[in-house]
Amino acid sequence: MDIRETHPFDLAPAEAIRLQERLRKQVRPSGDAGKVSLVAGADASYTKGDDVIHAVVVALRYPDLTVVERVSAATVTTFPYIPGLLTFREGPALIEAFRRLRSEPDVIFFDGQGIAHPRGLGIASHMGVLLDRPTVGVAKSLLVGTAAEPAVERGSTAPMLRDGETIGMAVRTKERVKPVYVSVGHRIDLVQAVDLVLSAARGYRLPEPTRQAHLYANTVRRERGRGERQTSLPTR
DNA sequence: GCGACAG
DNA sequence: ATCTTGTCGC
């Protein structure tokens with residue numbers, strides 16, 4: 001059965017928040033992803049004034065990080081970007097992309113927060129519950145909480161804190177480059193999540209799954225945009 | 001009431 | 001997220 005039959009996305013912000021408060025109870029911020037041999041990165045891309053969301057999932061073999069599969073899906077959104085409600089904007093496109101994915105990744109990286117979220121349900125946690133898979137949030141900035149600056153060496157970390165609780169880890173994936181903010185999504189613990197992010201980061205700030213997803217999402221968006229324009233606005 | 005605020 | 005060219009530093 002389709003996830004969207006049991007999970008509404010077309011909600012008003014206040015209703016979306018209530019749904020998050022209900023779903024947060026299903027998040028399991030611990031566990032072992034087991035022996036990881038396949039990882040995936042998911043991301044979305046869109047053109048400024050447009051309401052079309054292009055979502056992609058890229059699967060990579062681990063630990064060699066060779067890309068083995070790429071899928072994409074596009075949806076039309078009415079939900080705006082509201083901090084804390086990102087999944088209601090990108091979720092439907094991501095779900096469709098995952099439906100098209102034939103690989104079965106052991107862990108999935110998302111561009112955004114896991115439990116480091118106002119209601120403990122960032123996009124990585126939310127999607128983790130819907131997909132019932134281990135997920136990790138890899139964000140480029142903080143949504144809630146604070147973190148000290150990790151030392152300049154690659155591999156340095158500093159806890160992300162909120163009310164004295166550790167909700168994630170700032171991780172320096174590249175020497176002297178701004179850290180990424182890792183938080184657990186679902187069915188994995190923070191130690192393994194940080195370990196995977198670090199081992200999947202090869203010479204760039206973003207770990208390969210997320211980086212490849214980002215690149216592919218932009219490619220897909222530009223190609224589709226070009227194709228649609230050609231069929232709807234013939235050249236003279 | 002005033003800011004902060006993933007992508 | 002996206003708009004955008006060159007430019008400074010490792």
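The model shown is predicted, which means the values in this text are computed figures rather than measured ones. Convention: sequence-line order gives letters A, B, ...; per-chain numbering from 1.
- Atom CZ of A:F109 is separated from atom P of B:dG7 by 16 Å (rounded to the nearest Å).
- Other residues, nucleotides and ligands contribute at most 12 non-hydrogen atoms within 6.0 Å of the CG atom of A:D10.
- When the P atom of C:dT4 is taken as reference, atom CZ of A:R222 falls 11 Å away, rounded to whole Å.
- For A:K48 and C:dA1, the shortest distance from a side-chain N or O to OP1 or OP2 is not below 4.0 Å.
- If you check every strand for non-hydrogen atoms under 4.0 Å, A:D50 touches nothing.
- At a cut-off of 3.5 Å, with distance as the only test, a side-chain donor of A:T47 or A:R221 sits close to an acceptor on the other residue.
- Computed from coordinates, the A:R205 CZ to B:dA6 P distance equals 13 Å when rounded to whole Å.
- Interatomic distance, CG of A:L206 versus CG of A:D111, reported as 7.0 Å (0.5 Å rounding).
- Residue A:F98 is grouped with residue A:V129 when hydrophobic side chains (ILVMFWY) are merged at heavy-atom distances under 4.5 angstrom, including chains of intermediate members.
- Partner of A:I108 under the side-chain contact (heavy atoms from CB on, under 4.5 Å) criterion, chosen from A:T135, A:I188, A:V39: A:T135.
- In this structure, the CD atom of A:Q20 is 18 Å from the P atom of B:dC5, given to the nearest Å.
- For the pair A:R70 and A:Y216, the distance from NZ or CZ to the six-membered ring centre is under 6.0 Å and the angle to the ring normal is within 45 degrees.
- Protein atom NZ of A:K140 is 15 Å distant from nucleotide atom P of B:dC5, rounded to whole Å.
- Contact annotation: A:S141 reaches the phosphate of B:dG7 (side-chain N/O to OP1 or OP2, under 4.0 Å).
- Each of A:R176 and A:T47 was matched to the nucleotide of DNA chain C holding its nearest heavy atom; the match closer to the 5' end belongs to A:T47.
- Side-chain atoms of A:H54 never come within 3.5 Å of backbone atoms of A:A44 as a donor-acceptor pair (strictly under, hydrogens ignored).
- The aromatic rings of A:F9 and A:H126 lie parallel to each other, with less than 30° between the two planes, well short of the 60° mark.
- Taking 4.0 angstrom as the limit, A:K174 places none of its side-chain polar atoms (N or O) nearer than this to OP1 or OP2 of C:dC10.
- Note that the CZ atom of A:R100 and the CD1 atom of A:I95 stand 13.0 Å from one another [nearest 0.5 Å].
- Rounded to a whole Å, the OH atom of A:Y181 is 12 Å from the C1' atom of B:dA6.
- For A:E153 and C:dC10, the CD to C1' distance is 15 Å, given to the nearest whole Å.
- With rounding to whole Å, A:F110 atom CZ is found 15 Å from C:dA1 atom P.
- The phosphate of B:dG7 (OP1 or OP2) has no side-chain N or O of A:H214 nearer than 4.0 angstrom.
- A heavy-atom distance below 4.0 Å to DNA chain B is reached by these residues of residues 77-89 of chain A, ordered by number: A:Y81, A:P83, A:G84, A:L85, A:L86.
- Taken residue by residue, residues 118-131 of chain A places heavy atoms nearer than 4.0 Å to DNA chain B at A:G122, A:I123.
- One side chain, A:S72 or A:R224, offers a donor N or O that lies under 3.5 Å from an acceptor on the other.
- In terms of phosphate contacts, A:N218 brings no side-chain nitrogen or oxygen within less than 4.0 Å of OP1 or OP2 of C:dA1.
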